[in-house]
Amino acid sequence: MLSTIASYFGTFKAGENGAVSTFQFEYLTTLGLAAIVIFLGRAIVKRSRFLRKYAIPAPVVSGIIFSVVISCIKAAGIIGFTFDTKIMKDLCQNLFFLCVGYGFSTSLIKKAGGKLVMMIAVAAVVLITLQDILGVVVGNAIGLNPLLALQCSSSSMSGGVGTASAFGPIFEKMDPSMGEGMATTVGVAAATMGNIMGSLIGGPVAAYLITHHNLKSDPNDKPESAASGKLPSLNNERMITAFAMSLLFAALGMPIYMILDNIPMISMPKFIGCLFAGAICRNVCEAAGVDTHVPEFDAIEHMFLELYLALVLMTIDITKLAPVAGQMGIILLAQAIFMAVFAIFVSYNMFGRDYGAAVMAGGNCGWGCGSGPNAVANEKAIMDEYGYHNVAWVLYPSWAVICDDIYNPIFLSIFSNFV
């Protein structure tokens, strides 16, 4: 009777040879749990002045709590819970970045200025290069294989799970003595920890810069959807149209992704194609005089960001980090400290030494230790507390991630052969 009831919510697999039994929740139940994580995170942050002051994203707070509880249950040998999230995480990430790209109007580049665009690119290149040098130096000092050290450097930090997964097999072929799957395991584990680190240090870094330099947001700097001063009116027809447009534009991102992913020496994530598609379609719509549905795209962007972060953080299996926690932990600690120092003393100064620069420095911690969505989540939490900044919100995450995804694989390929 109980097994029949349980089958409606997921799949139970009995443990064999002493292994812990597992239960995988099906996707609708998984989404329901993600909704609880979102509600819980918002409730916790709403009641915590500390979390608001240091701009910790709400889904990160509750997602970590959820994953710790689940991991403790597994570690105690009771049962291991897993979740059907593959398709939903992919959908959320790609539609989110499509919407980010959709905000990338040519008028924004003119407003930001060519100097800032160039400084963001230079900062990304410098950060990635120094992350790999630092990783190899620290790895050498503690006796870690330099290729595994690289998996704890820009491969997983700036590159995230996707780049770390892509370079794992490459590094294993370069040095078969490390064992099959070892580089991939270390890279994915490092990227998982990086997601947490980037989410936790970005807000405090920006809060420090804002308070230390007494920075203020411009009250006239508002989201495009609110620039007219009128409350955006969302209705069924406009939301359905905008959602259909987002799905169509995301599909148009696939041929762009195909072209970029087949460039030699470069491994591109799918969401970059969606990001480019969003930017191209937005400017084509503007040139053709088509209604761009900006308020609706803004709503879609925020919904999928919250859901994506909840799904990622709640499904982290902390128990998998135990076998590689020692040497990997030393390098990751060094990377986290370096990222905070880099954001405060390099990024902030290069980006203009103003409020927007502080917000972008917080975003830098997000993608520099985790991923593009982490950068946006950091910036959203910072702006929710201290005020909006349009260039930081729309331009920085998308442009920084593009620079990262072009330079990082190239440098990793060259530097790994050198070390």
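In what follows, every heavy atom counts, from backbone to side chain, and hydrogens, waters and symmetry copies are set aside. A quick note: this is a predicted structure, and the numbers were derived from the prediction, not measured.
Here the side chain of Ser62 pairs a donor or acceptor atom with the backbone of Val37 at under 3.5 angstrom. Gln151 places a side-chain N or O within donor-acceptor distance of the main-chain N or O of Ala164, the cut-off being under 3.5 Å. Tyr257 places no side-chain N or O within 3.5 Å of a backbone atom of Leu252 that could act as its donor or acceptor partner. Panel note: side chain Arg52, backbone Lys46; a donor-acceptor pair is recorded below 3.5 Å. Side chain of Glu296 to backbone of Arg238: no donor-acceptor contact under 3.5 angstrom is found. No donor-acceptor pair under 3.5 Å is formed between the side chain of Asp84 and the backbone N or O of Phe25. Side-chain N or O atoms of His389 include none that pairs as donor or acceptor with a backbone N or O of Gly387 at under 3.5 Å. With hydrogens and angles disregarded, a donor-acceptor distance shorter than 3.5 Å links the side chain of Ser246 to the backbone of Phe243. Looking only at distances, a side-chain donor or acceptor of Asn195 sits under 3.5 Å from a matching main-chain atom of Ala191. One N or O on the side chain of Glu26 and one on the backbone of Thr29 form a donor-acceptor pair closer than 3.5 Å.
Just one residue in the list Met328, Gln327, Gln335 forms a side-chain contact (heavy atoms from CB on, under 4.5 Å) with Ile331, and that residue is Gln335.
Residues Phe96 and Tyr308 place their aromatic rings such that the two centres sit no closer than 6.0 Å. Within the 6.0 Å centre-distance limit, the rings of Phe351 and Tyr396 are counted as a close aromatic pair. No close placement of the Phe81 and Phe83 rings is indicated, their centers lying 6.0 Å or farther apart.
The closest side-chain heavy-atom distance from Thr30 to Met88 is not below 4.5 Å. In this structure the side chain of Cys99 never reaches within 4.5 angstrom of the side chain of Phe304, judged on heavy atoms. Side-chain atoms of Leu95 and Met303, non-hydrogen and from C-beta on, never get closer than 4.5 Å to each other. Looking at heavy atoms from C-beta onward, His293 lies in side-chain contact with Met245 at the 4.5 angstrom threshold. Residues Pro397 and Trp367 fail the side-chain proximity criterion, which asks for heavy atoms closer than 4.5 Å. Under the 4.5 Å side-chain criterion, counting only non-hydrogen atoms from C-beta, Thr85 is not in contact with Tyr27. In this structure, the side chains of Ser21 and Lys13 stay at 4.5 Å or more apart for every pair of heavy atoms. Phe12 is not listed as a side-chain neighbour of Thr22, based on a closest heavy-atom distance of 4.5 Å or more.
The two residues Ala34 and Leu307 come nearest to each other via the heavy atoms CB-CD1, 3.9 Å. The two residues Ala358 and Ile210 make their nearest non-hydrogen contact at CB-CG1, 3.8 Å. Closest non-hydrogen pair, Gly77 versus Val20, comes out as CA-CG2, 4.0 Å. Considering every non-hydrogen atom in both Phe171 and Ser416, the closest pair reads CE2-CB, 3.5 Å. The nearest pair of heavy atoms linking Gly135 to Ser153 is CA-OG, 3.2 Å. Minimum interatomic distance between Met239 and Ile300 (heavy atoms only, all atoms of both residues): CE-CG1, 4.2 Å.
By the neighbour-count criterion of 12 heavy atoms within 6.0 Å, atom CZ of Phe23 is densely surrounded, having more than that number from other residues, nucleotides or ligands. For CE of Met118, the number of neighbouring non-hydrogen atoms (other residues, nucleotides, ligands) closer than 6.0 Å is 12 at most. No more than 12 heavy atoms of other residues, nucleotides or ligands sit less than 6.0 Å from atom CD1 of Ile87. No more than 12 heavy atoms of other residues, nucleotides or ligands shown are found within 6.0 angstrom of CZ on Phe39. The number of heavy atoms from other shown groups lying within 6.0 Å of CZ (Arg42) does not exceed 12.
The distance from the CG atom of Leu144 to the CG atom of Leu150 is 9.5 Å, given to the nearest 0.5 Å. Separating the NZ atom in Lys74 from the OG1 atom in Thr82 is a distance of 8.5 Å, to the nearest 0.5 Å.
Relative orientation of the Phe411 and Phe415 rings is parallel, given thresholds of 30° and 60° on the angle between their planes.
A donor-acceptor contact closer than 3.5 angstrom links the side chains of Asp90 and Asn94. A donor-acceptor pair shorter than 3.5 Å can be found between the side chains of Ser154 and Asn408. A side-chain N or O of Thr129 and one of Tyr407 form a donor-acceptor pair less than 3.5 Å apart.
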